[in-house]
Amino acid sequence: MPELPEVETVVRSIRPLVGRRIVTAEFRNLRILRGGDPDRMAARLAGRRVKEVRRYGKFIVATLDDGSYLMIHLGMTGRLLLGGDAGKHTHAIFTFDKGVLMFDDSRQFGCIEFHEQFPARVARLGPEPLEVTFEEFAAGLARRKTRIKSLLLNQTFLRGVGNIYADEALFRAGIHPMALTARIRKDRARKLHDAVVQVLTEAIEAGGSSISDYVDAEGRKGFFQIHHRVYGRTGEPCLACGTPIRRVVVTQRSSHFCPRCQKR
DNA sequence: ATCGGTACCTGCACGC
DNA sequence: TGCGTGCAGGTACCGA
């Protein structure tokens with residue numbers, strides 16, 4: 001489900017919780033805690049006020065009033081929902097002095113972690129795609145020895161790009177997903193940098209892409225999926241040239257591309 | 001140090 | 001109707 005635009009939309013939709021106080025935290029599925037102690041977490045969280053909620057790539061980090069941090073990752077199917085009823089896949093329930101936040105995740109690839117210090121995993125991520133300079137971006141391309149699709153998905157290169165937006169950006173830049181990064185010339189690299197920024201910006205404006213189950217914390221779907229040019233369009237005609245869109249697997253992930261518009 | 005393959009889960013669509 | 005297969009927006013971990 002969630003890549004940068006979806007996580008950004010979720011973060012914006014839970015902003016009303018900033019300034020609110022956590023009354024109780026209930027954890028129903030411990031897998032989500034990745035080894036964290038549920039009782040200790042609940043005790044540390046109770047009474048804390050949310051100072052700030054920020055997004056780092058696909059990670060959500062809430063800063064609490066005592067300087068501790070609550071980190072949330074939505075994985076593939078994670079949802080944060082304000083209010084509503086707990087369901088089969090509701091794994092955590094945060095009750096605030098005003099409002100309730102539920103974490104729902106059918107595949108359980110998401111996680112919730114409590115940290116006394118800023119989480120190291122988040123600190124190790126690469127730059128934000130909407131902030132990275134072209135020079136940094138190009139230096140990253142030249143330094144790696146892999147296929148461009150793999151690099152775009154690598155969160156230490158850029159944080160937040162996932163399978164949908166990698167495919168969409170590569171199409172817009174006219175680059176084949178299997179292209180080796182070191183062989184991409186500067187003009188193409190610049191096109192790719194621009195394409196990443198544009199596609200993410202447009203997707204945020206559309207509230208993200210709702211393929212099957214993504215919704216924001218108010219239950220609203222995104223509508224960027226209607227603007228996808230290659231992702232999920234295998235066999236359908238390329239919107240630029242009419243050639244059927246193809247699907248190849250790169251690093252175990254589906255990649256959708258136009259064989260005519262995207263040369264290696 | 002980097003890279004690709006694998007594992008982790010559930011649900012859905014499909015063909016038989 | 002049910003069963004097997006393959007696929008799905010994610011990252012961590014392992015061995016080469």
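Note on naming: letters A, B, ... go to the chains in the order of the sequence lines (proteins, then strands), and numbering restarts at 1 for each one.
Between A:Leu153 atom CG and B:dC3 atom P there is a gap of 13 Å when expressed in whole angstrom units. Atom C1' of nucleotide C:dG10 and atom CZ of A:Phe103 are separated by 11 Å, given to the nearest angstrom. Spacing between atom NE2 of A:His89 and atom C1' of B:dC9 amounts to 10 Å, rounded to whole angstrom units. The interatomic distance linking A:Arg247 (CZ) with C:dA8 (C1') rounds to 10 Å, in whole Å. With rounding to whole Å, A:Asp104 atom CG is found 11 Å from B:dG11 atom P. Computed from coordinates, the A:Arg124 CZ to B:dA1 P distance equals 13 Å when rounded to whole Å. The distance between atom CG of A:Asp213 and atom C1' of C:dC7, rounded to the nearest whole Å, is 14 Å. In this structure, the CZ atom of A:Phe223 is 22 Å from the P atom of C:dG9, given to the nearest Å.
With salt bridges taken as basic N to acidic carboxylate O contacts below 4.0 Å, one links A:Arg12 and A:Glu8. A salt bridge links A:Asp66 with A:Arg44; the closest basic N to acidic carboxylate O contact falls under 4.0 Å.
None of A:Asp97, A:Leu101, A:Val50 except one satisfies the side-chain contact (heavy atoms from CB on, under 4.5 Å) rule with A:Arg20; the exception is A:Asp97. Checking each of A:Val250, A:Leu180, A:Leu153, A:Leu192 against A:Ile148 for a side-chain contact (heavy atoms from CB on, under 4.5 Å) leaves exactly one that passes, namely A:Leu192.
Regarding contacts with the backbone of C:dG9, a side-chain N or O of A:Arg253 is found under 4.0 angstrom from either OP1 or OP2. Between B:dG11 and A:Lys88, a contact under 4.0 Å exists linking OP1 or OP2 to a side-chain N or O. Not one side-chain nitrogen or oxygen of A:His73 sits closer than 4.0 Å to the OP1 or OP2 atom of C:dA12. An OP1 or OP2 oxygen of C:dG9 is reached within less than 4.0 angstrom by no side-chain nitrogen or oxygen of A:Arg107. At the phosphate of B:dG4, OP1 or OP2 sits under 4.0 Å from a side-chain N or O atom of A:Thr146. Between A:Arg147 and B:dG4 there is no side-chain polar atom (N or O) within less than 4.0 angstrom of OP1 or OP2. Contact annotation: A:Tyr231 side-chain N/O to C:dG9 OP1/OP2 distance is under 4.0 Å.
As judged by a 4.0 angstrom heavy-atom cut-off over every strand, A:Ser210 is placed among the base-contacting residues. Using a 4.0 Å heavy-atom criterion, one finds that A:Gln252 contacts the bases of the nucleic acid, with or without backbone contacts as well.
Listed candidates were B:dT10, C:dG9, C:dC7. Nearest to the side chain of A:Met76 is C:dG9. Closest approach to the A:Lys145 side chain among B:dC3, B:dT10, C:dG10 is made by B:dC3 (side chain taken as heavy atoms from C-beta onward). Nearest to the side chain of A:Ser254, among C:dT11, B:dG11, C:dA8, sits C:dA8. Considering only the side chain of A:Ser209, C:dG9 comes nearest among B:dC9, C:dG9, C:dT11.
Taking the P atoms as reference points, B:dT6 lies 14 Å from C:dG6, given to the whole Å.
No side-chain donor from either of A:Tyr214 and A:Glu3 sits under 3.5 Å from a side-chain acceptor of the other.
At least one side-chain heavy atom of A:Leu64 sits less than 4.5 Å from a side-chain heavy atom of A:Phe114.
Nucleotide B:dC9: unpaired (no Watson-Crick or G-U wobble partner with both distances less than 3.5 Å).
Stacking annotation: A:Phe109 is stacked on the base of B:dC8 (ring centroids less than 5.5 angstrom apart, interplanar angle below 30 degrees).
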